[in-house]
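A quick write-up on the structure given underneath.
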Amino acid sequence: QKHKHCLAMHIRLTDKASGREKKGLEAYLPYAIAYANAAPHKPVYIATDDARVMQRIRTALPNTTPLLFQQGALRSESDTVPTFQLLEQDKHRSNTEALVEIYAMAKCGFFVHGYSGMAEAVIYIQPLLHNRSINIDDPDSPGPAIFEKNVQRTLQLEAELVLRMKDRKPKNKTQPQTYE
């Protein structure tokens with residue numbers, strides 16, 4: 001189901017190329033907390049290269065917030081050894097895991113990420129996320145408080161739209177519609 005109410009987080013901690021600054025989990029956590037406040041009981045999908053991230057996020061979020069992630073994916077347990085180096089001999093697995101993460105994140109309705117090719121691919125697959133994402137590497141991205149309000153407002157508007165659609169009466173299909 002596309003645009004399911006969930007937050008996708010691409011948390012890349014073990015490597016950054018092209019002179020990009022490596023941000024810690026502390027840059028991402030406030031957005032996860034803001035989402036959990038705005039959308040109680042809605043899941044957070046975590047795509048990460050660091051095995052330690054899940055437990056740290058689990059302790060930061062309410063127990064009622066489901067955490068989703070790719071089961072069995074290889075993740076680094078070191079700040080200095082990126083996952084792609086661990087999978088150097090198995091490029092097929094590395095590529096498959098990356099594609100699963102990309103498509104899973106594209107199914108969510110909100111997205112927190114840094115600059116990366118994977119983040120670009122997610123937005124390419126699901127362009128709606130362009131206006132529903134936070135790039136923690138972009139100094140112009142809204143902070144967690146604004147993100148929380150935006151999530152609340154988006155969910156409220158979507159709920160109102162669903163109610164309006166239920167209230168619409170079906171049109172008589174036997175009469176042709178006219179356009180003026």
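We're numbering straight along the sequence, starting at 1. Only a predicted model underlies this, so the values are computations on that prediction, with no experimental measurement involved.
- Between atom CE of residue Met118 and atom NE2 of residue His10 there is a gap of 4.0 Å, rounded to the nearest 0.5 Å.
- For the atom pair CE of Met9 and CG of Leu29, the computed distance is 7.0 Å after rounding to the nearest 0.5 Å.
- Ile123 and Ser133 get closest at one heavy-atom pair: CD1-OG, 4.2 Å.
- Inter-residue side-chain proximity for Tyr115 and Asp138 is flagged as met; some heavy-atom pair is nearer than 4.5 Å.
- Contact detail for Ala39 and Leu155: the closest heavy-atom pair is CB-CD1, 3.6 Å.
- A donor-acceptor pair under 3.5 Å is absent between the side-chain atoms of Gln126 and the main chain of Cys108, judged by distance alone.
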Evaluate the criterion side chain to side chain contact (heavy atoms under 4.5 Å, CB included) for residue pair His130 and Phe111; output intermediate values, then yes/no. CA-CA 9 Å; His130 177 75; Phe111 188 28; over 6 Å; no
Validation: residues 143-154 side-chain donor-acceptor distances under 3.5 Å, sequence neighbours left out:
from: Arg153; atom 1: NH1; to: Gln156; atom 2: OE1; distance (Å): 3.1
from: Thr154; atom 1: OG1; to: Asn150; atom 2: O; distance (Å): 2.8

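- Expressed to the nearest 0.5 Å, how far NE2 of His41 lies from OG1 of Thr64 amounts to 4.5 Å.
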Between Leu68 and Val44, is the side chain to side chain contact (heavy atoms under 4.5 Å, CB included) condition met? List the steps. CA-CA 6 Å; Leu68 308 174; Val44 176; over 6 Å; no
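- Shown here for Leu129 and Ala106, the closest heavy-atom pair between the two residues is CD1-CA, 4.1 Å.
- Atoms OH and CZ, from Tyr28 and Arg12 in turn, are 9.0 Å apart once rounded to the nearest 0.5 Å.
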In sequence, state the C-alpha distance, the side-chain angles, and the governing distance for Met105 and His113, and then conclude on side chain to side chain contact (heavy atoms under 4.5 Å, CB included). CA-CA 10 Å; Met105 289 187 287; His113 60 90; over 6 Å; no
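- Using a distance-only test at 3.5 Å, with no hydrogens or angles considered, no donor-acceptor pair links the side chain of Ser141 to the main chain of Ile136.
- By the rule that hydrophobic residues join a cluster once side-chain heavy atoms approach within less than 4.5 Å of another member, Val100 and Tyr103 end up as members of separate clusters.
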Show, in sequence, the C-alpha distance, side-chain angles and deciding distance for Ile11 and Ile57, and conclude whether the side chain to side chain contact (heavy atoms under 4.5 Å, CB included) test is met. CA-CA 11 Å; Ile11 303 173; Ile57 289 180; 3.6 Å; yes
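- Note on Glu158 versus Arg132: salt bridge recorded, some NZ/NE/NH1/NH2 to OD/OE distance being below 4.0 Å.
- At least one side-chain heavy atom of Asn37 sits under 4.5 Å from a side-chain heavy atom of Ile33.
- Nearest heavy-atom pair across Gln70 and Tyr45 is N-OH, 3.6 Å.
- Atoms CG and CD1, on Leu7 and Ile46 in that order, are 7.0 Å from each other to the nearest 0.5 Å.
- Atoms CG and CE, from Leu67 and Met54 in turn, are 8.0 Å apart once rounded to the nearest 0.5 Å.
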